[in-house]
Every structure is written in C-alpha cells, then in structure tokens.
Protein chains: 2
Amino acid sequence: MDFRKIDNLSVDCVLLKIENKSLKVLLRKRNLNLFTENLPIVDDWVLPGHYVLKSNNLGETANRVFEELTGEKHLNKNQFRAYGNAARINTETDLLWVRSRGATTRTITVAYYLILASNKKLLNSNGVEWFNIKNLPQLGFDHKKIITDAFDDIKSKINTEPLVFNFMPVKFTLNELQTAFEVLLDTELDNRNFRKKITSKSYIVPLEEKRKGQSKKPSRLYMFSNDVYNQIVETGYIINI
Amino acid sequence: MDFRKIDNLSVDCVLLKIENKSLKVLLRKRNLNLFTENLPIVDDWVLPGHYVLKSNNLGETANRVFEELTGEKHLNKNQFRAYGNAARINTETDLLWVRSRGATTRTITVAYYLILASNKKLLNSNGVEWFNIKNLPQLGFDHKKIITDAFDDIKSKINTEPLVFNFMPVKFTLNELQTAFEVLLDTELDNRNFRKKITSKSYIVPLEEKRKGQSKKPSRLYMFSNDVYNQIVETGYIINI
DNA sequence: TGTAAAAGCGTAAATTTAACGTTTTTAATT
DNA sequence: AATTAAAAACGTTAAATTTACGCTTTTACA
C-alpha cells in the first residue's frame, strides 16, 4: 500500500439529501489563517474531497470520503464527471489553498455524488454543514459548477432510474415520495394522480405498518423492492423524444 | 502555450455511427515491433486518444482527437466518465505500450464520445477502422469497458435528449430515424405507429424535398430543428419511474 | 407491363394521463 | 365529550396517447 498522494488528482464528493421540502448539499468549511501581512485569508466552503493515493482507485477514494462522513461502507455512489481545465484553479485564494496542501495547481478532480435518505444522520459533522442548493454560500474552485452538474445528472435520471428511492428511508410514505419528486423536478404534482401511478407499480410494495403521530391520519408505509424492479424495468423502453 | 504532456492524464474518444443497421465504433490499430527477443509484440486495437498537454483543457484535448479524424471543429462531444483505477494498466502489452510513450503506468483517462452522422466521411482513415459494436476485436487497456459505458450512456439519454439526431444527416427520412432507434434500443418498432409519433413532433420538420432512387417509392426528407426543440421540451417532464 | 417492396395513410380498441370531487382518520382545540 | 382541521386515501370521467392492426401509393426492376 502506497500512501503517497498523486499530486494532481483528487476526488470531490457531492452529498445530497432532502429536508424540509428542499434539496441540501453538504459542504466543508475551508479556512486558512496566515498571520503574515497582505495574504488573503481563505474563508469559504468547498465540497468534501480527497487527493487520490498512489494505490487507491477513484471509487475507493470516494468511498473513503463518504465513509468518513456517514460511517457506512458500500454506499451507492455515482461518478458523474471529471474536471481538469488548465485554469480551473486560478483565484488567489484557491492557489494559496492548493499550495498549502502541497498539490499541483493543475489538479484534475473526478466528481461523485451520493444520495442520502432524509432520516440519515452524519457520523461526523465537524466542520461540515448542510446548505439549501438554492442558496449556496461562497464556494471555492469550480465547486458551484460541480454541484449544478450533479443536480442536472440526477434530474436527467429521475425518470428512467430508481434514483428517488435513495432519498427515502427504507420505509416511506407516498407523500414523502411525492415531495421528493416535487423538490427534484421543481413542480407540484396532483396527489391523487400521483398515488394512482405509484401504487400501480409492483416494485413499490405497501406494508402493513403505518406511521402514526407525524400527521393527522396515520399513513401507510411502503418500500421499494429492487429485486422486483430489476425484473420489470426491461420493458418500458420505447421512443419518447 | 506549454506543449509538454501531463504524463498521467489522457483523453480517450469513442466515435460512433450507424451503418447497415448496426452501431459502429472507430478503433485505432496499435502495434509496436521490437526486434529484441522474448518481448511480446503489441498488435491490437485501442480507442483514439491523446495525452493532455500542460496548457490544454480536457475538452480541447478531445476536440483535437476529433478534429484530426473528422476535419471538423466545434463538434458536439460528450464527456461521460473518467477511468483511473490503479491497476487499470496491467497487462504486459499495455505496460510496454505506455512505457514506449514515456507516460506513467498509472494514467487517468477521461472519456468522450462523439456521434457522427451516417453519411459523414472521415478526413483521415490511416490506421483506423470501423467495427461493429457487437463484434469487437482484441482491445487494449480497459477500452472494451469504455465503449460499453459510452453505449449505455447513449441508451440512457435516447429518450430524454435529442441525441438520435446526431446519428442522422441534416436531412433524413423517417425510416432512417426508425432504424437508428431500432439499432440503439435493440428492438423492432411498428412503422405506422413510429411515423405517427414522430410526425406529431413540431421539431421534426417535413421538407418539400424527396429522396429518389434509394428505395422503391421516393421518401420525404425531414430535419430536426433544435430551435423548436428548445422551446418545447421544458414541458414533458413528469414522473415515469 | 407486371411485380415487389419501401413509403405512406387510416381506424378502432386499450391503456394512460389529467383534472377534478369526496370520504376517512387522527391530533389538536374547545 | 364534541368539534374541527388537515393529511391521507378513495373514486369518477373526459381527453390524450399507445398499440395493434388493415390498406393504398409510388417507384425500381425484371
């Protein structure tokens, strides 16, 4: 195992969840205090990430980031794009930061996103914070673009892959699922039609269990069956452009 | 302009087209003849690609590859994945090849695909050849995986983005379009229903022009209007999972 | 001149979507 | 203990779309 960093290759991670009817991204506080004169002080937010170690794969590096934050292994991450423009790191702040890490100013980063269930708690919240994706703070590097690209990727897949269910706890209500769609697609959906459509799917399985106390009338819980989904999906695949 | 290579970063390009009712990929012959004993001779196929130069962006590098082959600038390429596993380059052949190029054995490659219209001729066909994607020759590195990933990406987008039209000449017949869908989705489509669906789209514009001689009855030509498409598409975006 | 085959037009049943109204069940309030 | 409000759930109907077909037209070619 070679623990040296590849000094021009990093992995950045977009963690996402839905909370209070909005989509949230996890960001890490970046600060660098230099007590010498004139130098700008770095004080903004970036995506959590790591440089890739000589004997780590890209996916392993992403796993490391995700595990440190969530405490879980084998997460269902998604690589969606690489960023490697020559001038990607060009503000004084970013240059300072990169040099302080002993890395190259031409760094290629491979970006992954991970969708968390809304009831998921972080293992380690030191220096990180959830932000509404519609109201991001000052971000370093090209991380704003990376977040936008992650979101776009999710939106483009939401209708053809069972991605939404990653935002759900194992057992969820139909209204929670509806909210997820509404947040992601940024529309309102008719509740009655939504239910009809969803309950017609064999892979969304109603449970006997109900959830009481959270709303007026107790709501039935459902779960997503990946097994059933994989049997079914092959079919519905005809032109729709 | 710094013309030195970044010795662990390359761009690989998947060029695709439809010909004779099948999907073709462009590959480059890779051979290395060493006249010293025992060393294996490299003799297989790889995707066209380039190392990234110090002052080139990733996209610029891809453009360079595409331009060299097609003679055209400003092509509508698509970045779809990065490959950077530590053991990505591990066969004797691949190691030999990489060393002969003066590059690192841990090379990260960012992959792009470009869809060509079926009537498009290459500018430069030296050492390259089109292969049916269902019948690929011996491939170097992880290029088989890269091709599969490119194809999967296209399939996943074919229903939500106007990708098919890139496979078409500017003016095309409905049957050509149908063939493209059939090849990409690997199904047969009912011609009468297909026509009905397609001709109902305002962005697929019928022309006065007809093409004679290629089939029995002359066929009407259509074109895809990107302008109209961009006006329309925003709507049809409701749950479909 | 006849014929084969791609190109094209048309219809009817089945399914899905869209747009609504109504009822049930609990938590909170009086 | 009765009342009320709101989420949860069930139901109906018209419109639109899809599916599964039958049939006609126009040319190239023998």
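Quick caveat, the model's predicted, so the values are computed rather than measured. A, B, ... follow the sequence lines: proteins, then strands. Residue 1 opens every chain.
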*Taking the side chain of Arg195(B) as its heavy atoms from C-beta onward, which of dG8(C), dA9(D), dT27(D) lies nearest to it?*
dG8(C)

*For Glu67(A), check salt bridge (Lys or Arg N to Asp or Glu O under 4.0 Å) against everything at least two apart and list the hits.*
Lys73(A)

*Between Arg220(A) (CZ) and dT25(C) (P), how many Å, whole number?*
12 Å

*Rounded to the nearest Å, what distance is computed from the CD atom of residue Glu182(A) to the P atom of nucleotide dA7(D)?*
13 Å

_Qualifying residues under salt bridge (Lys or Arg N to Asp or Glu O under 4.0 Å), relative to Arg81(A), sequence neighbours excluded_ = none

_Rounded to whole Å, please give me the gap between OH in Tyr222(A) and C1' in dA9(D)._
9 Å

*asked:* Regarding Gln178(B) and Asn191(B), do their side chains bring together a donor and an acceptor under 3.5 Å, going by distance alone?
replied: yes

*asked:* In this structure, how many angstroms lie between the P atom of dA9(D) and the CG atom of Leu207(A), rounded?
replied: 12 Å

_For a quick check, with a 4.0 angstrom heavy-atom cut-off, what is the B/S/- contact string for nucleotides 11-17 of chain D, read 5' to 3'?_
BB-----

*Between atom NZ in Lys210(A) and atom P in dA27(C), what is the gap in whole Å?*
12 Å

*Leu189(B) CG - dG8(C) P separation (whole Å)*: 17 Å

*May I have all residue pairs that pass salt bridge (Lys or Arg N to Asp or Glu O under 4.0 Å) and include part of residues 212-223 of chain B, sequence neighbours excluded?*
none

*Nearest whole angstrom, please: distance from the C1' of dA6(C) to the CZ of Phe194(B).*
15 Å

Between protein and nucleic acid, restricted to nucleotides 1-5 of chain C and to nitrogen or oxygen atoms under 3.5 Å apart, what atom pairs and distances do you find?
none

*Hey, which sits more toward the 5' end of DNA chain D by its nearest nucleotide, Asn191(A) or Gly213(B)?*
Asn191(A)

*Roughly how far, to the nearest 0.5 Å, is CZ of Phe181(A) from CG of Leu189(A)?*
8.5 Å

*Pair Asp12(A) + Arg28(A), salt bridge at N-O below 4.0 Å*: no

*Please round to the nearest 0.5 Å and tell me the distance separating atom CD of Glu209(B) and atom CG of Leu221(B).*
5.0 Å

*Arg211(A) has an atom CZ; how far is it from atom P of dA27(C), in whole Å?*
14 Å

*Go through the structure and list residues passing salt bridge (Lys or Arg N to Asp or Glu O under 4.0 Å) with Glu129(A), not counting sequence neighbours.*
none

*Are the charged groups of Asp94(B) and Arg30(B) less than 4.0 angstrom apart, N to O?*
yes

